[in-house]
Amino acid sequence: MKNSDTLKKSGADVLRAALIALLISLIGVLILALIVRWASLDDTSITIGNYVIKALSLVAGVLLGFKTPSNGAAKGALTGLLYMLLCMFVFAVADGFKSANFNYVDLITTVIAGTVAGIIAVNVRVRKTA
């Protein structure tokens, strides 16, 4: 019974964190689009900006979304994977499924960022409560 409750809480943490990260990412992309429009940045700057937005929004989503202080690395990695899949789907829908392609760099960076953020989130929560 206890394992089932822990699994439900961990699943809720992962889903909550991924959705928060997606929302923050959408806001960040809108801000980046405004900056690109006014500053006329090159493609390299836009790509770097997108990765920074993804990493920061994932870290913020994990820090805000995790409520139970356990299994930080595993929950963070799963959050990174779910976040990448959600982003891929949302941006493919926004593009009309014209250029929906899988990117291994996105997979690696989001899973690593999620893992690191999960470790940080769990340890920060433990220190706050202790």
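Numbering starts at 1 and runs along the sequence shown.
Both Val116 and Val124 are part of a single hydrophobic cluster, where members link through side-chain heavy atoms under 4.5 Å apart. Both Met88 and Val111 are part of a single hydrophobic cluster, where members link through side-chain heavy atoms under 4.5 Å apart. At a threshold of 4.5 Å between side-chain heavy atoms, the hydrophobic network of Ile, Leu, Val, Met, Phe, Trp and Tyr places Leu19 and Leu82 in one connected group. Cluster membership check: Ile31 shares its hydrophobic cluster with Ile53, using side-chain heavy-atom separations under 4.5 Å among Ile, Leu, Val, Met, Phe, Trp and Tyr. Linking ILVMFWY side-chain heavy atoms closer than 4.5 Å, directly or via other members, places Leu56 and Ile48 in a single hydrophobic cluster.
Salt-bridge check for Asp13 with Lys67: failed, with every basic side-chain N at 4.0 Å or more from each acidic carboxylate O.
Of the candidates Ile20, Leu26, Ile27, Ile20 is the only one forming a side-chain contact (heavy atoms from CB on, under 4.5 Å) with Ile24.
Taking both residues in full, the closest heavy atoms of Leu41 and Ile46 are given as O-CD1, 4.0 Å, listed atom of the first, atom of the second, then distance. Between Ser25 and Cys87, the closest heavy-atom pair is OG-SG, 4.3 Å. Nearest heavy-atom pair, Ala18 versus Thr79, reported as atom, atom and distance to 0.1 Å: N-CG2, 3.7 Å. Across Ile119 and Ala73, no two heavy atoms sit closer than the pair CG1-CB, 3.9 Å. The shortest non-hydrogen separation linking Ala121 to Val62 is CB-CG1, 3.8 Å. For the residue pair Leu32 and Gly49, the shortest heavy atom distance occurs at CD2-C, 4.1 Å.
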Does the pair Asn71 and Val122 meet the rule for a side chain to side chain contact (heavy atoms under 4.5 Å, CB included), with working shown?
-> CA-CA 8 Å; Asn71 300 326; Val122 167; over 6 Å; no
Worked check of side-chain hydrogen bond (donor to acceptor under 3.5 Å, both in side chains) between Thr47 and Asn50 = CA-CA 5 Å; Thr47 302; Asn50 279 330; 5.7 Å; no
Lys54 vs Asp106, side chain to side chain contact (heavy atoms under 4.5 Å, CB included): CA-CA, chis, key distance, verdict = CA-CA 9 Å; Lys54 286 180 181 182; Asp106 274 347; 2.9 Å; yes
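Without hydrogens or angle criteria, Asp42 side chain to Ser45 main chain gives a donor-acceptor distance under 3.5 Å.
Atoms CG and CG, on Leu78 and Leu15 in that order, are 12.0 Å from each other to the nearest 0.5 Å. Note that OG1 of Thr68 is 14.5 Å distant from NZ of Lys8, once rounded to the nearest 0.5 Å. Between atom OG1 of residue Thr110 and atom CG of residue Leu85 there is a gap of 8.0 Å, rounded to the nearest 0.5 Å.
Residue Asp43 qualifies as open at atom CG: its count of foreign heavy atoms under 6.0 Å is 12 or below. The number of heavy atoms from other shown groups lying within 6.0 Å of CZ (Phe89) does not exceed 12.
Geometrically, Lys75 engages Phe66 in a cation-pi contact defined by less than 6.0 Å to the ring centre and at most 45° from the axis.
Counting heavy atoms from C-beta on, the side chains of Val105 and Thr109 come closer than 4.5 Å.
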